[in-house]
Amino acid sequence: MPELPEVEITRRGIAPAIKGIAVKKVVIRQRRLRWPISAGLARELPGETVDSVDRRAKYLLLGTTAGTLITHLGMSGSLRALSNPGPAQKHDHVDIVFANGTCLRFTDPRRFGSMLWTRRDPLRHRLLARLGPEPLHPEFDGEYLYKSARGRRGAIKLHIMNAATVVGVGNIYASEALYAAGINPRRAAGRISLPRMQLLSDTIKLVLENAIKVGGTTLRDFTGGDGQPGYFQLELNAYDRDGQPCPGCGSAIRRIVIGQRSTFYCPHCQT
DNA sequence: ATGCGGACCTGTTAGC
DNA sequence: TGCTAACAGGTCCGCA
């Protein structure tokens, strides 16, 4: 379920329920995720208090004195704080049970997600150490994006989806931001002017901020804490609209494949 | 260094 | 109705 907005909504949803609370036990039913869950998690997390609930890129970081739990939701993962957890279902792989009875439940049918326990600075973890800037931070701007693209001949869509360039831009928002900026997703990254990169960095911020504002409702099967289904509150102008009229000019939105991922754009408006 | 394809999994939907 | 193929929000890794 994750694009950055969904991860941020998840963070905001679970933080009040678990911050400042001690972990009682960790129940692991399936340790084979993207990477196997290490034995250290169940051994070292119980007894610790969750001091912080942070996000870096699409990773959620639960900080304690002893170490940090780094969680990624992959393609189909979710994390819910339940006060009355029912019996675990098929894909409920991990429960983190707190002293106040709250159960933080990790569910992930495709198991592309991950749960990593580290005793060191999580930002130095090999998966986090080389990440680019956060898209909503000021250091991510047109000038940065322009410079990062010098000499790059690959498609701009792949460039903005590359976590070394900027984190958190997933397949849906890449299409949406490029649509809003009027840039053809296939255009070589290194052949886009500074003003257009300024526009693109702005549209990336806008599209992500808006999605967070409306509750991270990008995804078909995402339901926030209030049970409001996603995908409908957020207006998608290009993504998943193959053959439908472009809101700007009326010509048909087209679906192409870039880097093995579906890509949607308006051949008339995006150059 | 950059760029590309393959890999990891399961579930849902479109098509015959 | 039933079977099969295509496709789905991510991103790491190895090879050219």
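Reminder, nothing fancy here: chain letters follow the sequence lines and each chain counts from 1.
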Measure [atom1]/[X] against [atom2]/[N] and give the value in whole Å, please.
X	N	atom1	atom2	result
A:Asn162	B:dA1	CG	C1'	12 Å
A:Arg34	B:dA7	CZ	P	13 Å
A:Ile37	B:dC9	CD1	P	14 Å
A:Arg126	C:dT11	CZ	P	14 Å
A:Leu158	B:dT2	CG	C1'	12 Å
A:Ile258	B:dG5	CD1	P	12 Å
A:Leu33	C:dT11	CG	C1'	15 Å
A:Trp35	B:dC8	CH2	P	14 Å

If we call it a pair only when both distances are under 3.5 Å in a Watson-Crick or G-U wobble match, what pairs with B:dA14?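 C:dT4 - that is the nucleotide pairing with B:dA14, both distances being under 3.5 Å.
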Distance between P atoms of B:dG6 and C:dA6 (Å, rounded):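 After rounding to an integer number of Å, I get 14 Å for this pair.
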When rounded to the nearest Å, what value does the distance between P atoms of B:dG5 and C:dC7 take?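 Roughly 16 Å separates the two P atoms.
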Parallel under 30°, tilted from 30 to 60°, perpendicular over 60°: which one fits the rings of A:His93 and A:Phe106?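 A:His93 and A:Phe106: tilted rings.
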Per [X] side chain, nearest of listed nucleotides [options]:
X	options	value
A:Arg255	C:dG10, C:dC7, B:dG11	C:dC7
A:Met161	B:dT10, C:dG10, C:dA8	C:dG10
A:Phe112	C:dG10, B:dG3, B:dG11	C:dG10
A:Arg153	B:dG11, C:dG10, B:dG3	B:dG3
A:Met75	C:dC12, C:dA8, C:dT11	C:dA8
A:Tyr239	C:dA8, C:dT11, C:dC12	C:dA8
A:Leu127	C:dG10, B:dG3, C:dC12	C:dC12

Is A:Arg31 close enough and on-axis enough to A:Trp117, meaning under 6.0 Å and within 45°, for cation-pi?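 No, cation not above the ring by the 6.0 Å, 45° rule.
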Is A:Arg150 close enough and on-axis enough to A:Tyr146, meaning under 6.0 Å and within 45°, for cation-pi?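 Satisfied, under 6.0 Å and within 45°.
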Taking only N and O in the side chain of [X], is any of them less than 4.0 Å away from OP1 or OP2 of [N]?
X	N	value
A:His91	B:dG11	yes
A:Lys90	B:dG11	yes
A:Arg152	B:dT2	yes

Determine yes or no for a side-chain-to-main-chain donor-acceptor pair under 3.5 angstrom, with A:Thr118 supplying the side chain and A:Arg120 the backbone.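 Present.
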So, A:Asp92 versus A:Thr107: side-chain donor-acceptor pair below 3.5 Å or not?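 Yes, because at least one side-chain N or O of A:Asp92 sits under 3.5 Å from a partner of the opposite role on A:Thr107.
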For residues A:Asn171 and A:Lys157, is any side-chain donor paired with an opposing acceptor at under 3.5 Å?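 The criterion, which ignores hydrogens and geometry beyond distance, is satisfied for A:Lys157 and A:Asn171.
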Relative to the 5' end of DNA chain C, which residue comes earlier, A:Gln260 or A:His72, by the nucleotide with the nearest heavy atom?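 Upstream on the strand: A:Gln260.
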Can you find an N or O donor on one side and an acceptor on the other, under 3.5 Å apart, linking the side chain of A:Arg111 with the base of B:dC9?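 No pair found.
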